[in-house]
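Report on the following structure.
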2 protein chains.
Amino acid sequence: MRVLDHPAVEDIRLESVLHALADPRRLEVVCFLANSDVEVPCSEIDLAVSKSTGTHHYRVLREAGVISQVYRGTAKLNSLRRADLDALFPGLLERVIAAATKQSRT
Amino acid sequence: MRVLDHPAVEDIRLESVLHALADPRRLEVVCFLANSDVEVPCSEIDLAVSKSTGTHHYRVLREAGVISQVYRGTAKLNSLRRADLDALFPGLLERVIAAATKQSRT
DNA sequence: GTCGTAGTACGACGGGCATCGTAGTATGGG
DNA sequence: CCCATACTACGATGCCCGTCGTACTACGAC
């Protein structure tokens, strides 16, 4: 079974989180995940970049502590680390998602 | 009189704001300004980088729409664009500052 | 005018990042 | 076992970013 490294909650750095969120593609992923209760495979989010670039963005998000990723079969399932982020930086993720949602409507 | 360009409220982009905040020095500036009601000259914030690097960071913050800068005499006064950011991205700045403050205490 | 203070402009440099293509590695299904 | 699917690893490329030093400009005080 393939396992992926995730930072512990106490190792999540604000700068890394903000950097991870400061990219349109990654923000897109985060918003997509925010609108889905279940875990989402990478292949379900169409990022309009090559697959290898996609892999890169998912890794940045995971290593920053923004998302969690687990393998199931050939798929890699993604979900937001809402609880962890909220414990560390209360309300931050929610406000970023709200801001991104608002901006994407204009 | 020297005048500086600031983006209009409607031109402020979330990605740029997040990118501007995703740097320790710039976050330091923002936190400093958040703790001060009055406008603060660049020279009052000790960034532990060279002056030219400091100038660079202030420009990034200004061009992203995070701070406002005006000249007064030889000084350049900085302040947060709280109202503008709050109108665009409600609560975002406050949550980032809270997160940065919390993290800096650990 | 001269001087000091505050910040700028510019060019350089090194590192990191987004991007890609190609080749490769799991995993599950027939 | 073979194949398709889903994602990865690796190397390359080009751009952007943080950093610096040096030379410069604006302003106020004397």
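Every chain is numbered from 1, with letters handed out A, B, ... down the list of sequences. Any value given below was found using the heavy atoms of this structure, including those in side chains, with hydrogens, waters and symmetry copies removed.
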What integer distance in Å separates B:Arg26:CZ from D:dC17:P? 9 Å
Please determine whether a side-chain nitrogen or oxygen atom of A:Arg2 lies at a distance below 4.0 Å from atom OP1 or OP2 of D:dC7. no
Give the nucleotide from the list D:dG18, C:dG7, D:dA6 with an atom nearest to the side chain of B:Tyr71. C:dG7
Take atom CG of A:Leu4 and atom C1' of D:dA6, then tell me their distance rounded to the nearest Å. 13 Å
Report the distance from atom OH of A:Tyr58 to atom P of D:dA9, rounded to the nearest whole Å. 16 Å
Hey, does A:Ser52 reach any base, or is it just sugar-phosphate, or nothing, if we go heavy atoms under 4.0 Å? base
Rounded distance (Å) that lies between atom C1' of D:dG18 and atom CG of B:Leu27: 16 Å
From CD of A:Glu63 across to C1' of C:dA18 the rounded distance in Å is 15 Å
For C:dT5, take OP1 and OP2 only and decide whether either is under 4.0 Å from a side-chain N or O of B:Ser43. no
Grab the CD1-C1' distance between A:Ile45 and D:dA6 for me, whole Å please. 14 Å
Below 4.0 Å: OP1/OP2 of C:dT19 and any side-chain N or O of A:Thr53: no
Between C:dA6 atom C1' and B:Gln69 atom CD, what is the distance in whole Å? 13 Å
Would you give the length of the straight line joining atom CG of B:Leu21 to atom NE2 of A:His19, rounded to the nearest 0.5 angstrom? 13.0 Å
Any A:Arg72 side-chain N or O less than 4.0 Å from OP1/OP2 of C:dG28: no
Would you say CG of A:Asp11 has more than 12 non-hydrogen atoms from neighbouring residues, nucleotides or ligands within 6.0 angstrom? yes
Given D:dC7, is OP1 or OP2 found less than 4.0 Å from the side-chain N or O atoms of A:Arg59? no
Report yes if the side chains of A:Tyr58 and A:Ile45 come closer than 4.5 Å at any heavy-atom pair, otherwise no. yes
Decide yes or no for B:Leu93 and B:Arg82: does some side-chain heavy atom of the first lie under 4.5 Å from some side-chain heavy atom of the second? yes
Distance in angstrom units between A:Leu61 CG and C:dC17 P, rounded: 13 Å
Taking only side-chain N and O atoms of B:Thr74, does any of them lie within less than 4.0 angstrom of OP1 or OP2 on C:dT5? no
Is A:Arg25 near enough to C:dT19 that one of its side-chain N or O atoms lies under 4.0 angstrom from OP1 or OP2? yes
Measuring only between side-chain heavy atoms, which start at C-beta, is B:Arg81 closer than 4.5 Å to B:Val9? yes
Under 4.0 Å between a side-chain N or O of B:His57 and OP1 or OP2 of D:dT19? yes
